[in-house]
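Lettering follows sequence order; numbering is per chain, from 1. All of these numbers come straight from a predicted model, not from anything done at the bench.
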Amino acid sequence: MNLFAEIRDVVINALDQLVAQGHLPQGLDFANVAVEPPRDPLHGDMATNAAMVLAKPAGQKPRDIADHLAALLVKDDRIDVAEVAGPGFLNMRLSATCWQAVVGRVLTDGTGFGRSDMGQGKRVNVEYVSANPTGPLHVGHTRGAVFGDALASLLDYAGYDVTREYYINDGGAQVDVLARSVYLRYLEAHGQEVAFEDGTYPGDYLIPVGQALKEKVGDAFVGKGEQFWLAEVREFATAAMMDLIRQDLAQLGVKMDRFFSEKSLYGTGRIEAAIESLRAKGLIYRGVLEPPKGKTPEDWEPREQTLFKSTAHGDDVDRPIQKSDDSWTYFAPDIAYHFDKVERGYDLLIDVFGADHGGYVKRMKAAVSALSDGQTPLDIKLTQLVKLFKNGEPFKMSKRAGTFVTLRDVVDQVGPDVTRFVMLTRKNDANLDFDFDKVLEQSRENPVFYVQYANARVNSVLRRAQEAGVRVSDADLAAADLSKLAHDAEITLARKIAEWPRLVEIAARTNEPHRVAFYLYELASDFHGLWNKGNDVPQLRFVQDGDAATTQSKIALARAVSVVISAGLGILGVKPAEELR
RNA sequence: GCACCCAUAGCUCAGCUGGAUAGAGUGUCGCCCUCCGAAGGCGAAGGUCGUAGGUUCGAAUCCUACUGGGUGCGCCA
């Protein structure tokens, strides 16, 4: 139930009537007519720009249209007042009953209150994390993981049919490096002295993998050339790394519907098929690329390569899909992977990349545009860097200094809920400061705590009411006499609750789950505000001694806050706190 | 050199398919704690929305140029 959408329907109906009555010309487009909460509450509960948007096409003055519209709108019993203001805004004040009904609705709908059908069941594929299977996930991956996961949940909540997917880069040279590194650990497990040269992974996390390999194959690979063991060790090591990564994700509460292996594209004709599809559209050719200007490529020499004509779909230069030795570049399997996604018939594709892959956006969009003949939109969301702090001091990450911070380090220290919430307190394309101490601080400036605290307070007051003999099940509360919720401060909170379904749609439309986190902070803030008013104004306290009916209505409001917080936190993948400490 | 992202209060950041007097936290200043949970509360001051143009009834939001910061730019992925 989206009250804003309902009132917009009322406005549109009124506009239709004005057309029928001849006050407005036929054939007007109402698509830009919006009903929004005004920034200034003095302007009322909702405002519509209808008169201003239609003034020009209708050839009338905005205020004239608004006057006619206002006269019709007040006939709806949900709208108490409709008045023209400013350049032609129409401000509406809704009846208290309207807001009280929202509270009742939350209690009957539960956390489904904000669910939307805007997605119309369209199939969306969200690809995220997709870290190389060469080691544990680090902090940067953590942000992408949380963002992608919350985005997927958000879209699901907004009525899309969502698939969460991880692309395993297990086909390139980096897994050979991994295999060699594991081989060294394997030799070490056999008591040999080994040296980790440049181009190998020296991390401790491979020690148990080397051990495990020894237990599996004994000394079969000792002293043998690469051709004897590389393929097998590669497979063994990649599987071990994916186990590690799955554990990391599980610890963070990130779920995947599918892990898609890059390797599965090789030797199966899948890459060739994707390239052929592009060739059939005349987008594959042999050519020589210009060197990038101003970057002084030291060892540049012109080479003829097989190129994808990505410029035909908005890219800046054409991109190579084969190396000079005719093996595939990394881009070729990526094309094939996205071809696979296109062929699976998704209505929308979303890729979540780290910001360091920003240069990759245009070519990937070009590829999907070409492969789907412009039919499948691809949205690529980049997550910016996470800067780590400890007690306000920057915390430098360095593999060599051993201060390399993994996802596990973060989650072990602050827990999955705090990690997830904090990662969503910034827009995806803005840098994020993560202070290990501040995120655990229990104060107003810490949004995680502030939201959880609101939820805990609701539970506290719920218990208290129950002790006072008031029936507080959701069913009882939904049936309560909500007309007793009449104070301005209470209606204000109900208004904020009513914004939730609208916010879900905005967040889903923009693919920006951080909006949910900010909304929850505002909702919590409004709730705490009402709570604090109770200190000065006794009749605003949630528990009214000796007045079960009034208490019940106030508890209903509090509980509605809690329900929306639970729904919002659910999208973010954070467990609501029943109580603190 | 080119492409993409970013620039909003002293600081950290929000800001709705363009909407009214641009918001929050923090910091600063003033007042307040016998009160359902004061790990606080109320209030004030604080802005040329990087700069300069453009689009229109209306621009932080869209377009162009510039300035500053970040990321990336064939045979790594």
Side-chain angles (χ1 to χ4, degrees), chain A residues 31-32 34 36-40 42-43 47 49 52-53 55-56 61-62 85-89 91 130 132 134 169 171-175 177 262 288-297 299-303 305 307 315-320 322-327 329-331 333-334 354-362 382 384-385 425-427 429-431 433 441-447 449-450 453 456-457 460-461 464-465 468 499 502-503 505-507 509-510 512 514-515 517-519 521-522 525 528-529 531-536 538 540-545 579-581:
Chain A
N32 288 328
E36 301 172 317
R39 209 162 9 211
D40 188 341
L42 291 175
H43 291 138
N49 59 356
M52 288 181 294
V53 172
K56 200 173 203 176
K61 290 179 185 167
F89 281 102
N91 292 329
S130 295
N132 285 343
T134 54
N169 286 105
Q174 75 281 359
V175 284
V177 174
E262 174 192 358
V288 180
L289 284 177
E290 293 287 315
K293 291 194 173 77
K295 203 200 146 207
T296 60
D299 54 349
W300 180 274
E301 29 181 297
R303 262 193 201 95
Q305 292 172 293
L307 300 169
D315 202 359
D316 305 306
V317 292
D318 293 339
R319 306 290 175 175
Q322 278 182 321
K323 302 176 190 173
S324 44
D325 66 355
D326 283 350
S327 66
T329 65
Y330 59 90
F331 190 36
D334 281 353
D356 54 343
H357 286 61
Y360 200 48
V361 170
K362 280 194 179 180
L382 301 178
Q384 266 295 350
L385 298 172
T425 52
R426 288 288 177 269
K427 236 180 335 198
D429 52 11
N431 283 330
D433 291 348
E441 219 167 71
Q442 301 195 329
S443 72
R444 182 186 178 112
E445 57 185 299
N446 181 354
F449 163 76
Y450 204 59
Y453 186 30
R457 269 181 159 172
S460 159
V461 86
R464 191 169 271 269
E499 281 179 33
R502 181 171 181 274
L503 181 112
E505 295 191 351
I506 292 169
R509 189 174 61 229
T510 51
E512 293 182 340
H514 76 275
R515 290 173 189 268
F518 280 92
Y519 169 82
Y521 181 80
E522 289 167 14
S525 178
H528 289 306
W531 180 287
N532 292 329
K533 278 203 179 78
N535 290 332
D536 299 328
L540 283 181
R541 296 182 190 173
F542 289 99
V543 177
Q544 297 288 316
D545 291 333
E579 56 188 319
L580 298 174
R581 282 239 181 169

Might you point out which heavy atoms bring A/Thr425 and A/Pro447 nearest each other, and give the distance in Å?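 Closest approach of A/Thr425 to A/Pro447: CG2-CG, 3.9 Å.
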Could you tell me how the ring of A/Tyr450 sits relative to the ring of A/His528: parallel (under 30°), tilted (30 to 60°) or perpendicular (over 60°)?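 It falls in the tilted class, 30° to 60°.
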Once hydrogens and angles are ignored, does a donor-acceptor distance under 3.5 Å link the base of B/C16 to the side chain of A/Arg502?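 Pair found.
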Which nucleotide in the list [options] gets nearest to the side chain of [X]?
X: A/Glu445; options: B/C16, B/G19, B/G25; answer: B/G25
X: A/Pro292; options: B/A77, B/G1, B/C16; answer: B/G1
X: A/Tyr521; options: B/G25, B/C36, B/G74; answer: B/G25
X: A/Asp356; options: B/A77, B/G74, B/U71; answer: B/U71
X: A/Gln305; options: B/C16, B/C36, B/G74; answer: B/G74

Looking only at atom [atom1], what distance separates [N] and [M], rounded to whole Å?
N: B/A22; M: B/A45; atom1: P; answer: 14 Å
N: B/A24; M: B/G47; atom1: P; answer: 15 Å
N: B/G69; M: B/G27; atom1: P; answer: 31 Å
N: B/U17; M: B/C6; atom1: C1'; answer: 22 Å
N: B/U48; M: B/U64; atom1: P; answer: 26 Å
N: B/U28; M: B/U71; atom1: P; answer: 33 Å
N: B/G25; M: B/G41; atom1: P; answer: 9 Å
N: B/A7; M: B/U51; atom1: C1'; answer: 11 Å

Rounded to the nearest 0.5 Å, what separation is found between the NE2 atom of A/His43 and the CD atom of A/Glu36?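 The NE2 atom of A/His43 sits 13.5 Å away from the CD atom of A/Glu36.
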When rounded to the nearest 0.5 angstrom, what is the spacing between CZ in A/Arg515 and OG1 in A/Thr510?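 Here the interatomic distance stands at 4.0 Å.
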Would you indicate what [X] reaches in the nucleic acid, counting non-hydrogen atoms under 4.0 angstrom: base, sugar-phosphate, or nothing?
X: A/Ser443; result: sugar-phosphate
X: A/Asn49; result: base
X: A/Asp334; result: nothing
X: A/Glu505; result: nothing
X: A/Lys362; result: sugar-phosphate
X: A/Leu382; result: nothing
X: A/Ala55; result: nothing

Find the distance [X]:[atom1] to [N]:[atom2] and express it as a whole number of Å.
X: A/Tyr450; N: B/G40; atom1: OH; atom2: P; answer: 9 Å
X: A/Asp429; N: B/C4; atom1: CG; atom2: C1'; answer: 11 Å
X: A/Leu540; N: B/C36; atom1: CG; atom2: P; answer: 15 Å

Any protein N or O atoms within reach of nucleotides 30-35 of chain B? Criterion: under 3.5 Å, listing atom names and distances.
from	atom 1	to	atom 2	distance (Å)
B/C35	O2'	A/Arg541	NH1	3.2
B/C35	O2'	A/Arg541	NH2	2.9
B/C35	O2	A/Asn535	O	2.6

Side chain to side chain donor-acceptor pair (under 3.5 Å) partners of A/Lys427, counting only residues at least two apart: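 By the side chain to side chain donor-acceptor pair (under 3.5 Å) rule, A/Lys427 matches no residue at all.
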Which residues satisfy the salt bridge (charged side-chain N to carboxylate O under 4.0 Å, His left out) test with [X], sequence neighbours excluded?
X: A/Asp356; result: none
X: A/Asp433; result: none
X: A/Glu301; result: A/Arg303

Distance check: side-chain N/O of A/Arg444 vs OP1/OP2 of B/G41, anything under 4.0 Å?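 For B/G41, OP1 or OP2 has a side-chain N or O of A/Arg444 closer than 4.0 Å.
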Between A/Trp531 and B/A38, is there a side-chain N or O to OP1/OP2 distance below 4.0 Å?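 Yes.
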Which residues pass the ring-ring contact (aromatic ring centres under 6.0 Å, His included) test with A/Phe449, not counting sequence neighbours?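 Once residues adjacent in sequence are excluded, the partners of A/Phe449 under the ring-ring contact (aromatic ring centres under 6.0 Å, His included) criterion are A/Tyr453.
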Taking ring-ring contact (aromatic ring centres under 6.0 Å, His included) as the test, write out the residues that go with A/Phe518, two or more places apart.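 Listed in chain order: A/His514.
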Every protein N/O within reach of nucleotides 55-57 of chain B N/O, cut-off under 3.5 Å:
from	atom 1	to	atom 2	distance (Å)
B/C57	OP1	A/Lys56	NZ	2.8

Mind checking side-chain contact (heavy atoms from CB on, under 4.5 Å) for A/Gln384 and listing every partner two or more places apart, or none if nothing turns up?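 Here the qualifying residues are A/Arg143, A/Ala355, A/Asn431.
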Set of side-chain contact (heavy atoms from CB on, under 4.5 Å) partners for A/Lys56, sequence neighbours left out: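 None.
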Along RNA chain B (nearest heavy atom to each residue), the more 5'-positioned of A/Ala47 and A/Gly172: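 The 5'-side residue here is A/Ala47.
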Mapping A/Val361 and A/His43 to their closest nucleotides on RNA chain B, which lands nearer the 5' end?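 Looking at the nearest nucleotide for each, A/Val361 comes out on the 5' side.
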Watson-Crick or G-U pairs under 3.5 Å in RNA chain B, rendered as dot-bracket with [ ] for crossing pairs and | for another strand: (((((((..((((.....[...)))).(((((.......))))).....(((((..]....))))))))))))....
Quick check: do A/Pro333 and A/Phe331 have side-chain heavy atoms less than 4.5 Å from each other?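 Answer no - side chains too far apart.
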Could you tell me whether a side-chain N or O of A/Asn49 sits under 3.5 Å from a main-chain N or O of A/Ala34, the two making a donor and an acceptor?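 Here the side-chain-to-backbone pair exists.
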Taking only nitrogen or oxygen atoms into account, show me every contact under 3.5 Å that the protein makes with nucleotides 13-15 of chain B, one pair per line with its distance.
from	atom 1	to	atom 2	distance (Å)
B/C13	O5'	A/Arg426	NE	3.4
B/C13	O2'	A/Arg426	NH1	3.4
B/A14	OP1	A/Lys427	N	3.0
B/G15	OP1	A/His514	NE2	3.0
B/G15	OP2	A/Lys427	NZ	3.4

